[in-house]
Enquirer: 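Sharing a structure with you now.
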There are 2 protein chains.
Amino acid sequence: MSTGTTRRERRDAAPVGCERHMRADAVRNRERILEAATTLMAVHGIDVPIDEIAERAQVGVGTVYRNFPTKRALFEALLLARITPLVSAARTAAAADEPGEAFVGFVRNLCDEFADFKALADAMVASGVDLSAAKNQISGELIEAVAQLLERAQVSGRIRPDVTISDVSAMMAGLSHTDPMLMDPSQRKRCVALVCDSLLVGARSVLPQCALKQSPPDPVRTGPRSC
Amino acid sequence: MSTGTTRRERRDAAPVGCERHMRADAVRNRERILEAATTLMAVHGIDVPIDEIAERAQVGVGTVYRNFPTKRALFEALLLARITPLVSAARTAAAADEPGEAFVGFVRNLCDEFADFKALADAMVASGVDLSAAKNQISGELIEAVAQLLERAQVSGRIRPDVTISDVSAMMAGLSHTDPMLMDPSQRKRCVALVCDSLLVGARSVLPQCALKQSPPDPVRTGPRSC
DNA sequence: CCATAAGCGGAGCCCACGCTCCGATTCTAC
DNA sequence: GTAGAATCGGAGCGTGGGCTCCGCTTATGG
């Protein structure tokens, strides 16, 4: 059971800035791997087998593991790349003239992000896992930034004061992780709009682009899909 | 790839009403299995290994498979038992004097149900899977019943008319499946309250038992947990 | 009490997946 | 062009989990 520890410290792989000299083909392969992993994890989340990533990258599994010591490491590398811009987006939004609108905009954007890259949602939902230091730091920054954004939006009087950052996190996680069959893009937009409505003070359906359409003529049985 | 089909039709197991004569110990074992599976699937969802269920039931794996030809079959048997009362609850609620309140009450109850029996939420989220005829029928009935309940609640003027049954399904699925670390019982209650708020016409925080508490003194960083 | 068939149980098959190992290959410096 | 290091690739190991098989046990009807 203690083998897990030894394994991770075999080599630090993933040359970030040091690269004392990476062979040209190695660089190419690494990029291919990242590309393939991005594509596959966007659709299937973290459940993609490494073999599939390797195959798509036209590379052996060994090559994948030479670049990323662990499947999780690869996963986290991709996450980091996705989360970083979100942090600055949140900070920008917090500094906006109308923090209320900015908050709602950010939330919508966040959900789109989740939908575009399922692995992100996976990471959010599986909050129990122990993440690497880097990931923990960046996600802490995200939380912090969103919390500030939320606070300003509340001070501005646009967002209910009784809503907490935990509420927002939980709802985002929930909305982003549902099966695509039950939650296609337009359905997700509707749900996000509903949730936003519940966060706003007073007004309803304030999201112009995203306003809920009138329900269909026959409101009973909107679709025969399963529970 | 085609072996999956042959396997399922090996024997129809699970004697429902016919039982031309079941040995006493067999009956006892079957009950034990159902009990163990219920307990374990409530906590761990569908991911419990069959071996664990067998162990808890103090029974061999073989015995489990003699009663339920497939892990999924066992899973669905439990689901059926859980969904059936929900259907009648929805019908009762639809006939209530105040369909609006009844609808909200039903939704809250539904979420509690999910929390008490994680496998139910798993089933809802994994809507893509092809379910057995029985399961499809009962979940169809659930949808139908909830749709009627929703319609009456809308007619009564308590629930927004632009909300559809799909919206409700999707939100329930989302809220019910989030990681318990991110969504503990009290957090879930808050979120359900928020969602209900967004479904109501006009009024906010109408749920007395479930009203949102004031946010904590320091709204920034409600917790150092991950993204 | 016995014959017999219903039922039991768990060793073990098979497959999927994360990950390792090492001989073969390819790039690069000279 | 060539030596030699860097890199590759994929066979294969270990684990875990669904499911089967079949010799053994036990309930049951006479």
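Convention: sequence-line order gives letters A, B, ...; per-chain numbering from 1.
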Enquirer: Between B:Arg66 (CZ) and D:dC21 (P), how many Å, whole number?
Expert: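 Atom-to-atom, B:Arg66 to D:dC21, this comes out as 13 Å.
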
Enquirer: On DNA chain D, compare the nucleotides closest to B:Asp25 and B:Glu52; which residue's is nearer the 5' end?
Expert: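 So the residue in question is B:Glu52.
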
Enquirer: Hey, is the main chain of A:Ala73 close enough, under 3.5 Å, to the side chain of A:Thr70 for a donor-acceptor pair?
Expert: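 Judged by distance alone, no pair lies under 3.5 Å.
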
Enquirer: How long is the line joining CG of A:Asp51 and P of D:dG12, in whole Å?
Expert: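 Distance, rounded to whole Å: 15 Å.
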
Enquirer: Ignoring hydrogens and angles, answer whether the base of C:dT26 and the side-chain atoms of A:Arg23 contain a donor-acceptor pair closer than 3.5 Å.
Expert: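 Pair found.
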
Enquirer: Do the side chains of B:Asp184 and B:Arg188 get close enough for a salt bridge, i.e. N-O under 4.0 angstrom?
Expert: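 Here B:Asp184 does not pair with B:Arg188 in a salt bridge, since their nearest N and O are not under 4.0 Å apart.
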
Enquirer: Taking atom C1' of D:dG18 as reference, at what distance in whole Å does atom CE of B:Met41 sit?
Expert: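 Atom-to-atom, B:Met41 to D:dG18, this comes out as 12 Å.
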
Enquirer: Search all heavy atoms of B:Ala153 against all heavy atoms of B:Phe103 and return the closest pair with its distance.
Expert: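 Scanning both residues completely, I find the closest heavy atoms to be CB-CB, 3.8 Å.
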
Enquirer: Could you pick out which residue, B:Ile46 or A:Ala26, lies toward the 5' side of DNA chain D when each is mapped onto its nearest nucleotide?
Expert: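 On the 5' side of the pair lies A:Ala26.
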
Enquirer: When the distance from NE2 of A:His21 to C1' of C:dT26 is rounded to whole Å, what number comes out?
Expert: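 Taking NE2 of A:His21 and C1' of C:dT26, I get 14 Å after rounding.
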
Enquirer: Are any of B:Asn29's side-chain N or O atoms less than 4.0 Å away from OP1 or OP2 of C:dC8?
Expert: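 Yes, within the criterion.
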
Enquirer: Output the rounded distance in Å from CD (B:Gln58) to P (C:dG9).
Expert: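 Rounded to whole Å, this separation is 10 Å.
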
Enquirer: Rounded off to whole Å, could you give me the CZ-to-C1' distance for the B:Phe75 and D:dG18 pair?
Expert: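 Distance check: B:Phe75 CZ to D:dG18 C1' gives 15 Å.
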
Enquirer: Return the 5'-most residue of the pair A:Lys71, B:Val61 with respect to DNA chain C, ranking by each residue's nearest nucleotide.
Expert: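 Between the two, 5'-proximity favours B:Val61.
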
Enquirer: Using a 4.5 Å cut-off on heavy atoms from C-beta on, say whether the side chain of A:Arg28 contacts that of A:Arg23.
Expert: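 Of all side-chain heavy-atom pairs linking A:Arg28 with A:Arg23, none is under 4.5 Å.
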
Enquirer: Give the rounded distance in Å between these two atoms: OH of A:Tyr65 and C1' of C:dC22.
Expert: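 After rounding, the gap between these two atoms is 18 Å.
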
Enquirer: Separation of B:Asn67 atom CG from C:dC8 atom P, in whole Å?
Expert: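 Distance check: B:Asn67 CG to C:dC8 P gives 7 Å.
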
Enquirer: Taking the side chain of A:Pro49 as its heavy atoms from C-beta onward, which of C:dG18, D:dG9, C:dC8 lies nearest to it?
Expert: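 Shortest atom-to-atom distance from the side chain points to C:dG18.
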
Enquirer: How would you label the contact of B:Val64 with the nucleic acid (heavy atoms, under 4.0 Å): base, sugar-phosphate, or nothing?
Expert: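 Nothing: the residue B:Val64, judged by heavy atoms under 4.0 Å, touches no strand.
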
Enquirer: Quick check against the 3.5 Å criterion: does A:Asp167 have a side-chain atom that pairs as donor or acceptor with the backbone of A:Thr164?
Expert: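 Answer holds: yes.
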
Enquirer: Tell me what A:Ala24 touches on the nucleic acid: a base, only sugar-phosphate, or nothing, going by heavy atoms under 4.0 Å.
Expert: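 Answer is sugar-phosphate: A:Ala24 comes under 4.0 Å of backbone atoms only.
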
